[in-house]
Amino acid sequence: MKTWKLSTLDALFAAIAGKQTLYIPADVAGQPVFARWEPGLAMTRALNTGRSAKDLFFPQVEDLARFRVAGKTVSVSPAQALQEPFVIFGVRACDCRSFDILDSVFLAEPADTFYQARREQATVVTLACSQPEETCFCTSLGIDPQAPGGDVSCWMAEDTLYLQANTEKGEALLASLPRLEDGEKPDADSSVFDKLPLKDLDFSAFSGKALMDWFNSPVWERLSQSCLGCGSCTFVCPTCQCYDVRDFDTGHGVQRYRCWDSCMYSDFTMMAHGTNRPTQKERFRQRFMHKLVYHPNNHGGQIGCVGCGRCLQKCPISMNIVKVANALKEGKA
Amino acid sequence: MQSRVIEKAASLLESGACTRVLGWKAGAFFYDVTPAVFTCAQEVREQMVFNPFCGANLSKYLIAESRKEGRIAVFLKPCDTFSFVQLQKEHRIARDKVWAVGVQCRGMCDIDSLKELGLKGVTAVEEAEDDLRVTTLYQEKTISRKEALSPRCHTCKSRKLLDCDELIGDQGQDLPSSRFAQVEALEAMTPEERFAFWRGELSKCIRCNACRNVCPACSCEKCVFDNPNSGVQNKAAASSFEENLFHIIRAFHVAGRCTDCGECTRVCPQHIPLHLLNRKFIKDMNEFYGPYQAGGDFDAKPPMLAFTLDDPEASIITNGRDGQ
Ligand code: SF4
Ligand code: SF4
Ligand code: SF4
Ligand code: SF4
Ligand code: SF4
């Protein structure tokens with residue numbers, strides 16, 4: 001294990017950024033977000049970013065191709081997938097697990113080449129948690145917030161940053177850094193994680209046979225009643241993965257791009273046939289069925305939620321996956 | 001207050017005066033309450049809460065709820081009643097299907113205000129007169145209720161409960177409010193500074209539409225930005241121009257109808273001070289056309305729908321800059 005003095009964290013960032021683009025969680029206009037490091041940019045004190053780390057692999061908007069019409073010819077220029085390596089520093093264990101979930105969707109054949117290129121170019125440096133929020137429930141999903149994965153895992157203790165490479169990419173990153181010293185991290189105190197109010201949620205009931213029972217549960221009606229149908233929960237969620245492909249009329253052709261979409265929206269999957277989900281009840285049900293039931297059914301039991309707690313913090317009416325899961329299991333809302 | 005609200009809700013159901021009650025259900029942490037419809041008095045007694053974190057403005061739900069069978073009871077704070085009146089002026093609520101209970105208010109609290117105070121991992125809050133006893137994963141702390149107030153409550157414009165069928169607590173009065181101070185600060189900036197301020201804020205927008213969907217003034221059956229046939233359907237901003245556009249269009253569209261309820265800013269996951277855009281419009285309208293409060297009464301003619309020959313045309317004369 002390697003070490004670095006926290007008082008000179010800036011120098012570590014400068015060393016990484018000297019070789020490739022670096023993103024760190026920082027406050028921009030008062031909001032914690034993964035931002036491109038430049039001299040002077042400091043890490044946020046917030047536990048986690050408002051938007052998740054998925055932004056760097058699956059951005060909210062990205063161009064796919066441009067079509068240019070000149071007379072009778074149409075020229076097509078597909079967008080280039082990312083070619084440059086980059087480092088993302090300070091990813092929490094929950095967000096790191098979300099990459100596995102996104103991988104299972106975007107890297108399944110046929111792989112999403114834009115996403116794949118970013119995943120290949122990225123070196124993920126995670127950061128262990130020591131001060132969770134009450135909304136954190138990663139431990140209920142089998143994630144150890146004190147042993148995050150990624151290419152390099154980091155711990156902060158007292159005045160020292162401890163770094164441990166987990167992959168070849170991680171080894172290469174650490175080897176490229178000057179002045180790393182050897183050291184062993186002290187044992188971390190995990191008692192606060194035992195106090196987390198949502199630590200004992202059990203999601204095991206949802207994978208498996210009973211799909212239609214969950215689908216037809218009487219609780220959806222009531223739970224969805226006050227949902228505003230906004231996209232806050234989907235857009236802040238590190239595992240939400242739906243997008244729409246749209247054309248922007250440039251006047252002399254088309255700019256084709258994709259952007260995040262939300263199953264909470266009225267026009268979600270409103271394709272040519274026009275038969276999408278008619279009311280908020282069905283839209284709401286889709287979001288939670290996808291995370292709790294469909295995803296695990298299709299991906300070997302892996303729940304489509306990493307317990308980051310963002311939807312608990314951001315929903316305007318405090319409806320969220322925990323309330324939904326509990327109501328489903330109780331059979332009443 | 002909690003017990004009076006709950007008793008009232010239960011008795012309205014028991015007496016048959018209402019078939020449903022729009023109230024709040026408790027969550028896991030005291031602050032995470034969810035609006036909910038109750039149909040049974042026993043359930044109200046067991047599950048309904050009314051605490052200082054019940055800040056959501058319930059009036060917009062009445063658009064849908066007042067179209068259903070039977071009468072629904074609703075609990076409204078003073079600022080909510082302005083939205084209630086405004087929605088009626090716009091013929092969006094069937095008034096006879098609603099039993100409005102006005103609840104006097106001393107300001108609502110917000111979990112984000114607790115976080116601003118540096119409290120992390122808030123697991124429980126207990127109300128004790130003018131204090132809140134906060135338990136977190138890391139400490140216990142007593143703070144004054146005032147410190148925990150939602151920012152909008154610091155500049156509350158009125159404690160009047162408008163158009164209610166009955167009241168819990170006393171009728172209130174208009175309050176002296178410094179709500180335009182931040183707008184004045186923006187007005188004092190140079191256009192470049194102001195542009196930089198708004199770009200900084202609006203560039204955080206993730207277009208989740210929470211501000212629009214919660215807004216009682218945004219009650220179109222189909223928003224132009226959601227309509228595939230509108231030609232401007234806009235799921236994500238493709239450029240900074242589109243990012244600004246959504247918010248500016250929305251501010252224009254609610255001008256003269258926005259009651260300054262503050263919901264847009266409360267719900268924004270990116271903490272964008274959207275109310276400042278709307279307040280600028282309110283301030284301008286007050287100055288140009290005389291004082292007007294949207295939802296303040298049933299009679300006053302909205303400035304954007306009224307016309308007189310001596311209306312100032314500030315935007316034309318000054319070309320939209322510096323509004324002299
Ligand atoms: S659950 Fe909450 S955040 Fe999600 S769409 Fe409904 S109101 Fe919005
Ligand atoms: S559903 Fe909620 S808690 Fe789960 S990963 Fe998404 S935002 Fe996080
Ligand atoms: S959910 Fe777990 S990993 Fe994520 S921030 Fe909270 S404690 Fe850390
Ligand atoms: S609520 Fe905030 S982030 Fe969402 S669309 Fe409105 S301004 Fe943008
Ligand atoms: S714009 Fe904001 S303050 Fe005005 S009515 Fe809508 S939600 Fe309320």
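Below, chains carry the letters A, B, ... as their sequence lines are ordered, and counting in each starts from 1.
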Undergrad: So for A/Leu198, is it side chain, backbone, both, or neither that comes closer than 4.5 Å to the heavy atoms of chain B?
TA: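 Answer is side chain: those atoms of A/Leu198 sit under 4.5 Å from chain B.
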Undergrad: Please say whether more than 12 non-hydrogen atoms of neighbouring residues, nucleotides or ligands are located less than 6.0 Å from CD in B/Glu116.
TA: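 12 or below, so no.
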Undergrad: Relative to chain A, which segment of B/Arg266 carries a heavy atom at a distance below 4.5 Å: side chain, backbone, both, or neither?
TA: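 For B/Arg266, side-chain heavy atoms alone lie under 4.5 Å from chain A.
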Undergrad: Is B/Glu263 in contact with chain A via its backbone, its side chain, both, or neither, using a 4.5 Å heavy-atom distance?
TA: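 B/Glu263 has no heavy atom closer than 4.5 Å to chain A.
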Undergrad: Need one label for B/Lys60: side chain, backbone, both or neither, based on atoms under 4.5 Å from any heavy atom in chain A.
TA: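 When you check distances to chain A, no heavy atom of B/Lys60 falls under 4.5 Å.
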Undergrad: Please rank A/Cys259, A/Pro132, A/Ser266 by heavy-atom pairs under 4.5 Å with chain B and give me the top one.
TA: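 Option with the top pair count is A/Pro132.
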Undergrad: Nearest 0.5 Å please: distance from the CZ atom of A/Phe235 over to the CZ atom of B/Arg207.
TA: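 So the CZ of A/Phe235 and the CZ of B/Arg207 are separated by 8.5 Å.
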Undergrad: Please flag which part of A/Gln313 lies under 4.5 Å from any non-hydrogen atom of chain B: side chain, backbone, both or neither.
TA: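 Contact with chain B involves the side chain of A/Gln313 alone.
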Undergrad: Within a radius of less than 6.0 Å around OH of B/Tyr138, do more than 12 heavy atoms belonging to other residues, nucleotides or ligands occur?
TA: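 Yes.
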Undergrad: Starting at CD of A/Glu134, measure out to OG1 of B/Thr135 and round the result to the nearest 0.5 Å.
TA: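 OG1 of B/Thr135 is found 11.5 Å from CD of A/Glu134.
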Undergrad: Identify the heavy atoms of B/Gly121 and A/Glu133 that sit nearest to each other, and give their distance.
TA: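 Looking at all heavy atoms of both residues, the closest pair is N-OE1, 2.8 Å.
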Undergrad: If you round to the nearest 0.5 Å, how far is CG of B/Asp32 from CG of A/Asn320?
TA: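 Nearest 0.5 Å value for the CG-CG distance: 7.0 Å.
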Undergrad: Is the count of non-hydrogen atoms from other residues, nucleotides or ligands lying under 6.0 Å from B/Gln42 atom CD greater than 12?
TA: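 For B/Gln42, atom CD is not crowded (no more than 12 foreign heavy atoms under 6.0 Å).
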Undergrad: Can you say whether B/Ala210 sits under 4.5 Å from chain A via the side chain, the backbone, both, or neither, judging by heavy atoms?
TA: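 For B/Ala210, heavy atoms of backbone and side chain both lie under 4.5 Å from chain A.
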Undergrad: Mind checking whether B/Val214 and A/Ile317 have side chains closer than 4.5 Å, heavy atoms only?
TA: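 Not in contact.
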Undergrad: Taking every non-hydrogen pair under 4.5 Å, which of B/Val33, B/Val37, B/Asp226 racks up the most with chain A?
TA: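 With the most close heavy-atom pairs to chain A, the winner is B/Val37.
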Undergrad: Does CD belonging to B/Gln139 count more than 12 external heavy atoms closer than 6.0 Å?
TA: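 Buried by this count: over 12 neighbours within 6.0 Å.
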Undergrad: Would the distance check show the side chain of B/Thr34 and the main-chain N or O of A/Ser318 forming a donor-acceptor pair, the cut-off being under 3.5 Å?
TA: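 Yes; judged by distance alone, with no hydrogens or angles, the pair exists.
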Undergrad: Heavy-atom distance under 4.5 Å to chain B: side chain of A/Val322, backbone, both or neither?
TA: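 A/Val322 has no heavy atom closer than 4.5 Å to chain B.
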Undergrad: Answer yes or no: is there a side-chain heavy-atom contact under 4.5 Å between B/Thr123 and A/Lys195?
TA: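 They are not in side-chain contact.
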Undergrad: Should we count CZ of B/Arg45 as having more than 12 external heavy atoms under 6.0 Å?
TA: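 Counting neighbours around CZ of B/Arg45, more than 12 heavy atoms of other residues, nucleotides or ligands fall under 6.0 Å, so yes.
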Undergrad: Do side-chain atoms of A/Gln31 reach the backbone of B/His271 as a donor and acceptor pair under 3.5 angstrom?
TA: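 Answer holds: no.
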Undergrad: Only one of A/Lys323, A/Met319, A/Arg222 passes side chain to side chain contact (heavy atoms under 4.5 Å, CB included) with B/Lys25; say which it is.
TA: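 Testing B/Lys25 for a side chain to side chain contact (heavy atoms under 4.5 Å, CB included) against A/Lys323, A/Met319, A/Arg222 leaves exactly one candidate, A/Arg222.
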Undergrad: Taking B/Glu201, B/Gln47, B/Glu43 one by one, which has the highest count of heavy-atom pairs under 4.5 Å against chain A?
TA: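 Of B/Glu201, B/Gln47, B/Glu43, B/Glu43 has the most heavy-atom pairs under 4.5 Å with chain A.
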Undergrad: Mind ranking B/Phe38, B/Trp24, B/Phe197 by heavy-atom pairs under 4.5 Å with chain A and telling me who comes out on top?
TA: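 Of the options given, most contacts go to B/Phe38.
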Undergrad: Regarding B/Glu46 and A/Lys332, does a basic nitrogen lie under 4.0 Å from an acidic carboxylate oxygen?
TA: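 Salt bridge absent between B/Glu46 and A/Lys332.
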Undergrad: Measuring from B/Lys235:NZ to A/Tyr243:OH, what's the distance to the nearest 0.5 Å?
TA: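 Rounded to the nearest 0.5 Å, the NZ-OH separation comes out at 12.5 Å.
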Undergrad: Atom NZ of B/Lys120 and atom CZ of A/Arg45: how far apart are they, to the nearest 0.5 Å?
TA: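 So the gap between those two atoms works out to 9.0 Å.
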Undergrad: Check whether any side-chain heavy atom of A/Arg310 lies under 4.5 Å from a side-chain heavy atom of B/Pro269, and answer yes or no.
TA: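 A/Arg310 vs B/Pro269: side chains apart.
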Undergrad: More than 12 non-hydrogen atoms from neighbouring residues, nucleotides or ligands closer than 6.0 Å to CZ on A/Arg36, yes or no?
TA: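 No, because the 6.0 Å sphere around CZ of A/Arg36 holds 12 heavy atoms or fewer from other groups.
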Undergrad: Under 4.5 Å heavy-atom distance to chain A, tell me which part of B/Ala237 shows up: side chain, backbone, both or neither.
TA: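 It is the backbone, since no side chain atom gets that close.
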Undergrad: If we only count heavy atoms from C-beta on, is the A/Leu228 to B/Tyr61 side-chain gap below 4.5 Å?
TA: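 Yes - at least one pair of side-chain heavy atoms lies under 4.5 Å apart.
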Undergrad: Within a reach of under 6.0 Å around NZ of B/Lys141, are more than 12 heavy atoms found that belong to other residues, nucleotides or ligands?
TA: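 Incorrect, the count does not exceed 12.
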Undergrad: With a 4.5 Å cut-off on side-chain heavy atoms, are A/Arg51 and B/Gln270 touching?
TA: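 Side chain of B/Gln270 against side chain of A/Arg51, heavy atoms only: contact under 4.5 Å found.
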Undergrad: Chain B: which of A/Asp261, A/Val236, A/Leu312 shares the most heavy-atom pairs with it under 4.5 Å?
TA: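 Between A/Asp261, A/Val236, A/Leu312, the count favours A/Asp261.
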Undergrad: What part of B/Phe53 is in contact with chain A, defined as an atom under 4.5 angstrom from a non-hydrogen atom: side chain, backbone, both or neither?
TA: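 No part of B/Phe53 comes within 4.5 Å of chain A.
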Undergrad: Against chain B, label A/Ser232 side chain, backbone, both or neither, depending on which of its atoms sit under 4.5 Å from a heavy atom there.
TA: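 A/Ser232 touches chain B through backbone and side-chain heavy atoms alike.
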Undergrad: Report the distance from atom CD of A/Gln280 to atom CG of B/Asn213, rounding to the nearest 0.5 Å.
TA: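 Between atom CD of A/Gln280 and atom CG of B/Asn213 there are 8.5 Å.
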Undergrad: Under a 4.5 Å heavy-atom cutoff, which of B/Leu137, B/Asn209, B/Asp112, B/Ile272 has the most pairs with chain A?
TA: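 Max contact count across the listed options: B/Leu137.
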